[in-house]
*Asks:* 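Have a look at this one before I ask anything.
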Amino acid sequence: MTEDRQNPLLQYIVKNPETFAQNLAKIVENAGKAMAAYVEPREKGAIRPVSTDDLKAIVKTLSQVGEYWMSDPQRAVEAQTRLWNNYISLWNSSLKRMMGEEAKPSVTPDPRDKRFQDPEWNDNQFFDFVKQLYLITSQWAEEMVADAAELDEHTRHKADFYVKQIANALSPSNFVLTNPELLRETLESNGENLVKGMQLLAEDIKAGKGELKIRQSDPTKFKVGKNLAMTPGKVIAQNDVCQVIQYTPTTDQVLKRPLMIVPPWINKFYILDLNPEKSFIRWAVEQGHTVFVISWVNPDRRQAQKSFEHYMREGILETLDVIKRATGEEEVNAIGYCVGGTLLGVTLAYMAAKGDERIKSATLFTTQVDFTYAGDLKVFVDEDQIAAVEREMSEKGYLEGSKMSTAFNLLRSNDLIWPYVVNNYLKGREPFPFDLLYWNSDSTRMPAANHSFYLRNCYLENRLTKGEMEIAGEKLDLRKVKIPIYNLAAREDHIAPAKSVYLGSQYFGGDVTYVLAGSGHIAGVVNPPEKKKYQYWLDGKPEGELDDWIASAEEHPGSWWPHWDVWIRSHDDTMVKARKPGARRMKIIEDAPGSYVKTQV
């Protein structure tokens with residue numbers, strides 16, 4: 001230990017050259033297995049040749065940035081000068097350190113950046129130089145995009161996203177020779193970490209059927225219905241689009257109005273029922289709600305033509321019929337989460353047009369009905385990219401679940417991709433078992449007709465709030481939706497940004513309670529009161545600008561769940577005797593969570 005402090009270079013030597021050489025051979029062998037797992041399905045035709053559409057989009061977008069800077073020689077020289085001045089500053093500070101002088105860093109990482117936490121990134125001059133060189137270059141590249149004044153907003157958004165992804169991928173923390181922690185571990189273990197890492201890489205490519213499916217959690221530690229989605233209930237109806245689950249009451253009295261939950265079909269419903277401590281569904285049952293949940297099918301070619309209209313009719317509207325048969329109640333409280341909330345908003349507008357008044361209140365979890373400020377997912381949406389997705393979906397009738405999973409992970413690649421690449425394949429460690437990340441990787445497919453409608457009508461053309469969206473021959477108008485709305489946004493949400501949810505609140509025709517929760521798209525919603533985490537903000541009507549609303553809003557510690565329950569009861573708190581699944585001669589198909597949610601891709 002003392003010797004290492006006296007000569008820090010001693011920690012960067014091979015401990016056992018013979019063992020290291022043997023492990024190099026094993027690394028090559030396991031790398032060969034990984035390559036075989038990648039090549040085999042392509043040779044058999046199970047995976048079509050790699051499309052160049054994504055690469056074309058990246059090159060085209062970044063070329064537009066380059067054209068802006070190169071079109072004016074003076075502008076190009078100024079940009080290059082700015083970069084080289086920063087390099088010279090780094091070189092001068094490095095020379096001072098070599099001579100034993102104090103030298104202030106030319107650039108420092110964001111304090112929240114977890115990539116450079118090892119002390120050697122600062123203490124070791126080589127790694128400090130590499131770190132600063134990377135930060136200077138990546139920040140300069142991002143500035144080039146931000147300062148390209150003549151780019152339209154969508155092109156700038158795409159360019160910024162692509163530059164960040166490239167910079168994240170090229171971080172020195174992702175490579176053994178430029179990451180002090182990885183280098184130490186490799187040399188101390190004589191390469192055992194890379195042997196194990198290549199083994200995990202081969203396993204993950206094989207599990208992805210030829211595509212890399214990065215494990216974010218230990219998949220052997222979780223099973224839906226065993227230690228996930230455990231709230232007792234029964235499947236009481238099903239069709240080609242969904243199953244309907246009714247949960248078993250735990251109170252003698254329940255609210256007269258049943259509660260229908262419409263989850264997203266991009267992921268599986270059990271995000272609201274991860275485990276007994278985190279389950280919103282279990283908590284709602286304990287508060288005296290008769291809870292019904294739509295569990296969407298994991299589609300294949302048979303659902304290729306199932307459109308947004310089918311999901312509305314066979315999902316929400318048929319579930320309302322099921323609830324009437326199961327409870328005898330016409331009036332229902334409804335919840336929609338993410339795209340499930342968008343579908344619920346569309347359905348409410350359709351029901352308003354048809355005079356259907358069965359839904360008496362609606363709660364929207366991190367839901368967009370207006371897509372003006374739809375966040376980083378808009379990077380993937382323009383005519384060329386949607387056409388490419390439609391071509392891909394036309395081959396099988398659906399979009400592979402891995403495609404959407406990758407898109408969501410890219411939104412936070414420094415949290416959801418690269419740490420796992422480093423941990424799994426370079427450190428050779430199994431990821432920690434984490435229920436939320438297991439759910440995140442339990443992906444679902446998208447039916448072609450449904451997904452195409454959603455991308456074009458919502459993200460690309462924003463037709464709902466313009467009054468231009470048509471469903472089943474009805475032109476939809478959200479202002480006809482007069483029922484009370486509880487509209488929950490999350491302050492750090494990258495998928496349904498708080499600003500987007502706030503703007504959408506202004507298009508409904510009735511009273512909207514806008515609530516801003518702390519944290520993001522998942523943690524902001526799944527926040528049990530017992531955890532006493534985060535906070536939420538309340539203020540008046542969602543009018544004017546979001547920043548002004550936040551400035552005058554009152555902050556409340558902890559979970560918003562109890563506030564929502566009070567809000568629900570404020571509209572009707574009539575209580576009746578608890579209803580059990582199977583009552584009123586309803587046929588029970590199987591136990592919750594049902595079979596649809598267990599289908600994996």
*Asks:* Hey, is D384 close enough to K60 for a salt bridge, meaning N to O under 4.0 Å?
*Replies:*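 Yes, D384 and K60 are salt-bridged.
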
*Asks:* Checking Y536 against N527: is there a side-chain donor and acceptor pair closer than 3.5 Å?
*Replies:*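 Judged by distance alone, the side chains do not pair up.
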
*Asks:* Just jot down the side-chain hydrogen bond (donor to acceptor under 3.5 Å, both in side chains) partners of R82, sequence neighbours excluded, or say none.
*Replies:* none

*Asks:* Counting C-beta onward and ignoring hydrogens, is there a side-chain heavy-atom pair between M404 and H451 closer than 4.5 Å?
*Replies:* yes

*Asks:* For the backbone of H556 and the side chain of W537, can you confirm whether one donor and one acceptor N or O come within less than 3.5 Å of each other?
*Replies:* no

*Asks:* Is it true that E153 and K158 make a salt bridge, defined as a side-chain N closer than 4.0 Å to a carboxylate O?
*Replies:* no

*Asks:* Should D160 and V379 count as side-chain neighbours, where that means a heavy-atom distance under 4.5 Å?
*Replies:*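 No. Closest side-chain heavy atoms not under 4.5 Å.
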
*Asks:* Just by distance, do the side chain of K378 and the backbone of F371 share a donor-acceptor pair under 3.5 Å?
*Replies:*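 Here the side-chain-to-backbone pair exists.
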
*Asks:* Taking the side chain as every heavy atom from C-beta outward, state whether N275 and L228 have any atom pair closer than 4.5 Å.
*Replies:* no

*Asks:* Quick check against the 3.5 Å criterion: does Q64 have a side-chain atom that pairs as donor or acceptor with the backbone of A159?
*Replies:* no

*Asks:* Less than 4.5 Å apart, side chain to side chain, heavy atoms only: is that true for K96 and E102?
*Replies:* no

*Asks:* Has Q132 got a side-chain atom pairing as donor or acceptor with S106's backbone, closer than 3.5 angstrom?
*Replies:*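 Flag set: sc Q132 to bb S106 pair under 3.5 Å.
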
*Asks:* Thinking salt bridges, do E392 and K396 make one under a 4.0 Å N-O criterion?
*Replies:*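 No salt bridge links E392 with K396.
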
*Asks:* Tell me which one of N179, L194, N193, T186 satisfies side-chain contact (heavy atoms from CB on, under 4.5 Å) with L426.
*Replies:* L194

*Asks:* Tell me every residue that passes salt bridge (charged side-chain N to carboxylate O under 4.0 Å, His left out) with D128, counting only those two or more places apart in sequence or in another chain.
*Replies:* R97, K131

*Asks:* Give the intermediate values and the outcome of salt bridge (charged side-chain N to carboxylate O under 4.0 Å, His left out) for residues D435 and K278.
*Replies:* CA-CA 10 Å; D435 50 12; K278 299 177 184 176; 2.9 Å; yes

*Asks:* Is a donor on one side and an acceptor on the other found under 3.5 Å between the side chain of T367 and the backbone of F365?
*Replies:* yes

*Asks:* Walk me through it: do N414 and N168 pass the test side-chain hydrogen bond (donor to acceptor under 3.5 Å, both in side chains)?
*Replies:* CA-CA 7 Å; N414 271 342; N168 291 346; 3.0 Å; yes

*Asks:* Okay, side chain of N174, backbone of A169: is any donor-acceptor separation there less than 3.5 Å?
*Replies:*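 It does hold such a pair.
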
*Asks:* Does any part of the side chain of E181, heavy atoms only, come nearer than 4.5 Å to the side chain of E120, both counted from C-beta?
*Replies:*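 Not touching, per the 4.5 Å side-chain cut-off.
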
*Asks:* So, N227 side chain and K221 main chain: donor-acceptor pair closer than 3.5 Å or not?
*Replies:*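 Here the side-chain-to-backbone pair exists.
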
*Asks:* Can you tell me which residue among K209, E211, R445 is in a side-chain contact (heavy atoms from CB on, under 4.5 Å) with E400?
*Replies:* R445

*Asks:* Within 45 degrees of the ring normal and closer than 6.0 Å to the centroid, is that where the cationic atom of R215 sits relative to Y420?
*Replies:* no

